[in-house]
Structures are given as C-alpha cells and as structure tokens.
Amino acid sequence: MAGLLYISYQGMNLPIHFHTPEALQDWEQFTFRPDDIIVVTYPKSGTNWMLEIVPLVLSGGDPSLVNSVATWDRSPTVGCVQNPTKDMENLPTPRIFTTHYLYNVLPKSFYQVKPKVIYVMRNPKDVLISAYYYYESVDYHANPGPLKEFWHKFLEGEVPYCSWFDHMKGWLNMEDKSHILYVAYEEMIQDLPQVVRRIAEFLEKPLEKEQIDRIADRCLFKNMKNNKLPSTFDHSKFFRKGIAGDWKNHLSEEDAQYFDSVYKEKMKDIDFKFIWG
Ligand code: A3P
C-alpha cells in the first residue's frame, strides 16, 4: 500500500484524501440517533446505488432532494473530512449516513442506539473487478498494478479499506440483527422493484406499486449514469458497467477456481445463503 495515500485506522487502510486524522477523531464522539439510517458497504458493492434508492423511498418517489443535493452532502460518510460532525445536527430527519468501516469500529453510540443499517453486498469477484478499475482511475488511490497481481492482494486483504472477508464476516455476525437489512447487488439487478419494496418495509415507509416502480425505473443503471448531479466531484466514475458477472470477462477459469477455493475456506463458518452461491 502506498503509505502517503492511506492512513492506517483500526485495522483499515483508509484513503487520507477523505479520512484525515482530524476527521477520524471528530467522528469518534459522534452520537447516532435511533431513527438514523446507515448504508454500509464494502467499497464497490453498490453504495451509490443504495444512496439514491433510500432517499427516494423516504420521499415516496419525489426526486427533488436527489436532484438538487449531491450524494455525499445528503448522506455523509462516517469519518470523512468533507462531513464535519458539527454540520450533522441540521440534516433532515431521518438522517442518512454511509460507511465502508468494519463492523467493530463505528462511534460507540452506534452500538447503544442501534440505528437502522442497510448492508449491501456483492459477489466478491465483481467487487474485485470494479475496485480494480476504480482504483486505477482516481488519483486518491494507489494504482492497483496488473490485475493478475491485484486479485491476489484482494484475497489477502492487502487493498484499500480492508479485507472483503473481514468486512462481510463482521457485519454478518452482528449480534443484534433486528436493525439490519441485508441486500445483495445481484438481487437489485434481478428484481429492483422487489428490493425497493423490502427497503420500504424495513424503513416503515409504505409505498404504492406505482411509487415503487417509479423509484426502480429512476434507479436503473442507464438512468443513474446519465443523471447530471450537482457536484464538484467526478460522479461518473461510480457508474462503470453496472452488471453482475463482469468478472467472467477478466478471470480465467483457473483463476476463478482458485478464488473460489480461498473464498470457501475463509467463509466456511458463515451461515448465510448468498445469491452468488
Ligand atoms: P461496476 O464497476 O462493476 O460497473 P460503489 O457505489 O459502491 O462505488 O459501487 C460502484 C459499482 O456499482 C459500479 O460497478 C457501478 O457501475 C455499480 N452501480 C452503480 N449504480 C448502479 C445501478 N443503478 N445499477 C447497477 N449497477 C450500479
């Protein structure tokens, strides 16, 4: 890992461009509220997709907020320099946050207050490919080097943030699952209206079929990719291909078999039926 680009924090390697020591410290004392909503993901699992869906569910499909306020302003990132905690009191209720943190390193109040969590997960082979292209395209991440080396680093957890396996295991093993909803990227690809309905139920926001369909349509990849959002940040990099299974275009059968054998070993104690098998 290129030292200057990352800060080592509680078992994670965070991009210092977003996570300065001061910002990380500022967030350690942050107080969550019971009605807060936190979208949690391992990077490249569909964070921005979910951060579009959740406010639309809360607004009953009214796009005014998502059309006028950039994602990172309306759904602050935990520990991020752009989101000082002093500004958080003024956010509309319920507040929406996002994080790539491991389960055990959130501010203490998270574990006491138990706000609602939506955890988005994705086939790790697609996460790997998405991460590879993303890290290659931005200057606040180290260049991932050749893919044939990067995917081994991914399996070993020698990548930005943390090991995919540690992230998944922490959030899947959370003791109190009454305030977490697990959603797979692949389910969103297969049947987005059904996922929007589940999110609405979890957030206790009843929606009509017409509202659900409108939200799902707006959140299709082609529609989100073409959205012109108010932002100084290059939003387009978060919308690359938007499919499930792109790994097949990058990993040989032999590579995939090796990946699967490591996956099987590392996930052997996890009792969860993943959509990717
Ligand atoms: P790809 O690089 O495989 O295309 P994140 O927001 O966590 O950084 O995740 C980015 C990934 O989610 C990218 O994957 C991006 O294309 C995909 N994505 C974003 N919006 C999407 C949508 N509406 N439908 C499908 N995929 C989407």
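Read the numbers this way: they start at 1 and go in the same order the structure lists the ligands and their atoms.
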Engineer: Considering non-hydrogen atoms of the protein only, which is the closest contact for atom 7 (O) of ligand 1, and what is the distance?
Structural biologist: Thr47 OG1, 2.5 Å
Engineer: Measure the distance from atom 23 (N) of ligand 1 to every protein heavy atom, then report the residue, atom name and distance (to 0.1 Å) of the closest one.
Structural biologist: Cys219 O, 2.9 Å
Engineer: Could you find the nearest protein heavy atom to atom 16 (O) of ligand 1 and give me its residue, atom name and distance?
Structural biologist: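 Ranking protein heavy atoms by distance from atom 16 (O) of ligand 1, first comes Arg240 N, 3.0 Å.
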Engineer: Have His152 and Tyr258 got a donor and an acceptor in their side chains that come within less than 3.5 Å?
Structural biologist: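 Judged by distance alone, the side chains do not pair up.
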Engineer: Could you tell me the residue and atom name of the protein heavy atom closest to atom 1 (P) of ligand 1, and the distance to it rounded to 0.1 Å?
Structural biologist: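 Closest protein heavy atom to atom 1 (P) of ligand 1: Ser130 OG, 3.4 Å.
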Engineer: Would you check, one step at a time, whether the test side chain to side chain contact (heavy atoms under 4.5 Å, CB included) holds for Gln82 with Thr77?
Structural biologist: CA-CA 8 Å; Gln82 279 93 343; Thr77 300; over 6 Å; no
Engineer: Using a strict cut-off of 4.0 Å, indicate which atoms of ligand 1 neighbour a heavy atom of Phe239.
Structural biologist: 16 (O), 19 (C), 20 (N)
Engineer: So, regarding Asp126 and ligand 1 (criterion: nitrogen or oxygen to nitrogen or oxygen, under 3.5 Å), is there a contact or not?
Structural biologist: no
Engineer: Between Glu89 and Lys86, is the closest basic N to carboxylate O distance under 4.0 Å?
Structural biologist: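 Looking at Glu89 together with Lys86, the answer is no, because their closest N to O distance does not fall below 4.0 Å.
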Engineer: In this structure, which one of Lys125, Arg122, Lys241 forms a salt bridge (Lys or Arg N to Asp or Glu O under 4.0 Å) with Asp246?
Structural biologist: Lys241
Engineer: Can you find an N or O of Ile189 that's nearer than 3.5 Å to an N or O of ligand 1?
Structural biologist: no
Engineer: Considering Phe238, Phe221, Trp247, which one's heavy-atom position lies nearest to atom 15 (C) of ligand 1?
Structural biologist: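 Going through Phe238, Phe221, Trp247 one by one, Phe238 has the nearest heavy atom to atom 15 (C) of ligand 1.
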Engineer: Say whether Tyr133 and His250, considering side chains only, have a donor N or O and an acceptor N or O under 3.5 Å apart.
Structural biologist: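 Yes - a donor-acceptor pair under 3.5 Å links their side chains.
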Engineer: How about CD on Gln112, more than 12 heavy atoms from neighbouring residues, nucleotides or ligands closer than 6.0 Å, or not?
Structural biologist: yes
Engineer: Quick check on side-chain contact (heavy atoms from CB on, under 4.5 Å): which of Lys225, Lys44, Met224 does Phe238 satisfy it with?
Structural biologist: Lys44
Engineer: Using a 4.0 Å cutoff against the non-hydrogen atoms of Ser45, which atoms of ligand 1 qualify?
Structural biologist: 7 (O), 9 (O)
Engineer: Does the residue Leu220 have a heavy-atom contact with ligand 1, meaning some pair of atoms that are separated by less than 4.0 Å?
Structural biologist: yes
Engineer: Is it the case that the ring center of Trp27 lies less than 6.0 angstrom away from the ring center of Phe30?
Structural biologist: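 Ring-ring flag for Phe30/Trp27: true, centres closer than 6.0 Å.
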Engineer: Answer with side chain, backbone, both or neither: which part of Tyr185 has a heavy atom less than 4.0 angstrom from an atom of ligand 1?
Structural biologist: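 For Tyr185, only side-chain atoms sit under 4.0 Å from ligand 1.
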Engineer: Under the criterion side chain to side chain contact (heavy atoms under 4.5 Å, CB included), I'd like the reasoning laid out for Ile96 against Leu58: C-alpha separation, chi angles, the key distance, then a yes or no.
Structural biologist: CA-CA 10 Å; Ile96 304 167; Leu58 295 173; 3.8 Å; yes
Engineer: Of the choices Met224, Arg122, Lys222, Lys44, which has the non-hydrogen atom that lies closest to atom 3 (O) of ligand 1?
Structural biologist: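 Among Met224, Arg122, Lys222, Lys44, the closest heavy atom to atom 3 (O) of ligand 1 belongs to Arg122.
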Engineer: Counting only heavy atoms, tell me which of Trp49, Tyr133, Tyr134, Tyr132 gets closest to atom 25 (C) of ligand 1.
Structural biologist: Trp49
Engineer: Looking at Asn48, which atoms of ligand 1 are within less than 4.0 Å of one of its heavy atoms?
Structural biologist: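 Near Asn48, the atoms of ligand 1 are 5 (P), 6 (O), 8 (O).
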Engineer: Indicate whether the side chain of Tyr263 and that of Trp276 have a donor and an acceptor atom separated by less than 3.5 Å.
Structural biologist: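 Present: a donor and an acceptor within the cut-off.
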Engineer: Pro43 to ligand 1: N or O pair under 3.5 Å?
Structural biologist: no
